[in-house]
4 protein chains.
Amino acid sequence: MRAKNSGSKQGAAPAADRTFTEAARRAQIVDAAIEVIAEVGYAKASFSRIARQAGLSSTGMISYHFAGKDDLMREVVAEVMRVADAYMRPRIEAHATAPERLRAHIESNLALLDVYPKHLHAMVEVLTGVRGESPSAREFTAATDAMLDTLINAVRTAQEAGEFGEFDPATMVYALRGAIDALVMRAAHDPDFDAAAHGRRLADLFDRATRRTP
Amino acid sequence: MRAKNSGSKQGAAPAADRTFTEAARRAQIVDAAIEVIAEVGYAKASFSRIARQAGLSSTGMISYHFAGKDDLMREVVAEVMRVADAYMRPRIEAHATAPERLRAHIESNLALLDVYPKHLHAMVEVLTGVRGESPSAREFTAATDAMLDTLINAVRTAQEAGEFGEFDPATMVYALRGAIDALVMRAAHDPDFDAAAHGRRLADLFDRATRRTP
Amino acid sequence: MRAKNSGSKQGAAPAADRTFTEAARRAQIVDAAIEVIAEVGYAKASFSRIARQAGLSSTGMISYHFAGKDDLMREVVAEVMRVADAYMRPRIEAHATAPERLRAHIESNLALLDVYPKHLHAMVEVLTGVRGESPSAREFTAATDAMLDTLINAVRTAQEAGEFGEFDPATMVYALRGAIDALVMRAAHDPDFDAAAHGRRLADLFDRATRRTP
Amino acid sequence: MRAKNSGSKQGAAPAADRTFTEAARRAQIVDAAIEVIAEVGYAKASFSRIARQAGLSSTGMISYHFAGKDDLMREVVAEVMRVADAYMRPRIEAHATAPERLRAHIESNLALLDVYPKHLHAMVEVLTGVRGESPSAREFTAATDAMLDTLINAVRTAQEAGEFGEFDPATMVYALRGAIDALVMRAAHDPDFDAAAHGRRLADLFDRATRRTP
DNA sequence: CATGAATGAGTGTTCATTCAT
DNA sequence: TATGAATGAACACTCATTCAT
């Protein structure tokens, strides 16, 4: 076993336990992976293609820096989540009421498609492509579920505070997640896709669905 | 337990027997493919695994009955669509008003998860897994888009007739599709998933989102 | 990772060593391919057999160094042509008159059978075995035709200069090529084949056929 | 062992030992094989393709009528040789002197390309494609060698009778065979190939090569 | 006689991963 | 720390042949 552990990247000492060049190489490979996955899909995103995209001469380089394909994919998802969080969180927290925050969540999520056109697509590809008994598969679903649960709880709290109407928070959050992912995939294939417009309309839709009835 | 052959049961002629045997084998393989895809995902659903599941001794048998992997996947999708249509259509057409039909669409779609627990899952796997330049890839997206367009037009017509409130039909249909697919995938991994309940709640959600405002 | 380019053997730089190793493997595989093709024919010269002959543990190794079977066959033909050219050209150019050069061409070509007993055989096998729509098929016929055209033109020029008698240069060159190839195949199966003698006699034959009539 | 023996076709009772329908089926399959081999080459002439060409629904039919691929190929070569003999023999025997007969041999052989455009091509394909330890391989070379030996002896006899000049009969016959085969292959790929003209010119060439010197 | 379904070895090729240097 | 050569399993697919009916 040669490659370093991978999970311990965020936290208090991000660069302490690996050198600068190592981190740079990893970032370079992750970026290349995102590019390739968005372009050809998870299934065809082989180490060869990623290495070529990254300007590396051999796939050994990737295996050297990542414990395996799973590990690289974990990093890809983590990177996209980091980017998405950095973009969406301030835009959401800029609002005070729950309906406004919900709208900000939806619209900023779709706005990401214009800022990083490949990131969301790559992540959806990975999340739907990684399957089965692999360690990262379980990890992915666990992480996703955790995120969704957080969202569900926030919605439920707002609902109990009278900010939303009557609906099942879990169903609503699952539906929202699915709706956004579907639009992400649609954007990937449709060059005329208007992300901002779809964001607005999707927000309208969920606003109507969750609004308090007078 | 499902019917092997797919219609076309003409008289007792000797030639019908040959066709029947062939159709039975194909159906058997398609069933095995659905099983395997639902279990391990599209990417890992190799001919070997499908052959083993079908009780065949070699992968050559599958190549013998299907022109290629694409052809088999086409058949898988076609079979699921056939089953889904047979189940959903009468349940939808039993209702007269657009909102009722929308609810019937959503609830019968999720009810399918109880009747054929693997079918929808397999189809979603195939549709998201088949990618790129392959002939079936273009065919799948074309077919899916056509189906969605039909739905969009039906919604728009109903909307113009005053049966729905104000919203963008395309966005709504894309969202609905994504929401259902997300629940399908969720059902696949969560043994406690209550399909009927989620169907009801999702229908509630979209009912609120599309209802005429008084 | 695809196969590297093949011709570039630059100076003594450290990078030359890597290239050298790669080139050595490629040459080893090409040699093994020539051996196998000469032994069992083009049709049965599978990667398995070539790998075994080359002492490699897997066919993947060949795919690693060559872009595909076509690429390997291209290299086999190129190698034989390189060897043949190196051997024949000086022997042909040592003579001044066209009849002498024709004789030198024929005799040196057959003499090659003693120097490299398998090379010509392998090349003829490949050139007759590669067929149809493959890229190398077209390339081979194009290259062969170009070579023959060059020869035809040289013969025609000499003929117009009065060095040969009256005959159709194209027919003569095609006949010569076919005759030599037939002897190559004959040599492959007949252990008593006397290449030098046949070379002399074939040269005699074509000398009589092309000689100026007094 | 189910298929009938195949060698015993010519002779006194050609249809005695197999029924009419059986013979018709065999002829039909041989014709289809010639067609396919000429079209796609020996290597790609699979039983599937031949069955399809023959209008048969399964390859089992071919295996039923022929002991194996070798057997079918033997029959293909035999059929072409039968046709070639029927066409060439009278045209050769119409002449009295050896040089005239040689010319008739060459010209009628190339004329066959116009009468049966696929037959010679198919035969050359089979003779160059069948290789190695197979029973038919040895049989083919034996048959070919016998034919060539007959020709060589005829030439030698004529030569000793003073009808030809000085040259090695074996070399000349091998060269002639190779030259004709090369033109056959050339005709197969060049739609503008003028068989009669090439026949005349090749006859001219060998006439000059074998003529008595005054 | 004839068939079509089945077989199983074999094809070239791709892949993530390993390891000596 | 980095590399590129090597590995071996897996992939979809084709083939000639067999055999119960």
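Chain letters run A, B, ... following the sequence lines, proteins first and then strands; every chain starts at 1. All of these numbers come straight from a predicted model, not from anything done at the bench.
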Problem set entry | Residue-level proximity of residues 54-70 of chain B to DNA chain F when a heavy atom falls under 4.0 Å |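 Listed by number, they are T59(B), G60(B), S63(B), G68(B), K69(B).
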Exercise. Is the closest side-chain heavy-atom distance between L127(B) and Y42(B) below 4.5 Å?
Worked result: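 L127(B) does not reach Y42(B) side chain to side chain.
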Exercise. Would you call R49(A) and K44(A) a side-chain contact if the rule is heavy atoms closer than 4.5 Å?
Worked result: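 They are in contact (side-chain heavy atoms under 4.5 Å apart), so the answer is yes.
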Taking atom [atom2] of [N] as reference, at what distance in whole Å does atom [atom1] of [X] sit?
X	N	atom1	atom2	value
F20(B)	dG4(E)	CZ	P	17 Å
E22(C)	dA6(F)	CD	P	8 Å
D71(B)	dC13(F)	CG	P	10 Å
R26(D)	dA2(E)	CZ	C1'	16 Å
M73(C)	dT11(E)	CE	P	12 Å
F47(D)	dT7(E)	CZ	C1'	16 Å
I50(C)	dT13(E)	CD1	C1'	14 Å
Y42(D)	dA16(F)	OH	P	9 Å

What's the spacing between [X] [atom1] and [Y] [atom2] if we round to 0.5 Å?
X	Y	atom1	atom2	result
R52(D)	T59(D)	CZ	OG1	11.5 Å
I29(C)	L56(C)	CD1	CG	5.5 Å
I62(A)	Q28(A)	CD1	CD	9.5 Å
F66(C)	R25(C)	CZ	CZ	11.0 Å
I50(C)	E35(C)	CD1	CD	11.5 Å

Problem set entry | Sole candidate of D31(A), I34(A), V80(A), I37(A) that passes side-chain contact (heavy atoms from CB on, under 4.5 Å) when paired with K118(A) |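 Of the listed residues D31(A), I34(A), V80(A), I37(A), the side-chain contact (heavy atoms from CB on, under 4.5 Å) partner of K118(A) is I34(A).
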Exercise. Hey, does the Lys NZ or Arg CZ of R74(C) hover above the aromatic six-ring of F140(C), less than 6.0 Å from the centre and inside 45° of the axis?
Worked result: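 Judged by the rule, R74(C) and F140(C) form no cation-pi pair.
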Exercise. Mapping K44(C) and A45(A) to their closest nucleotides on DNA chain E, which lands nearer the 5' end?
Worked result: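 Nearest-nucleotide comparison on DNA chain E picks K44(C).
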Exercise. When the nearest nucleotide of DNA chain E is assigned to A43(A) and to R25(D) on a heavy-atom basis, which residue is associated with the more 5' position?
Worked result: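 Looking at the nearest nucleotide for each, R25(D) comes out on the 5' side.
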Exercise. Would you write out the dot-bracket form of DNA chain F, 5' to 3', with Watson-Crick and G-U pairs under 3.5 Å, [ ] for crossing pairs, | for pairs to other strands and . for unpaired bases?
Worked result: .||||||||||||||||||||
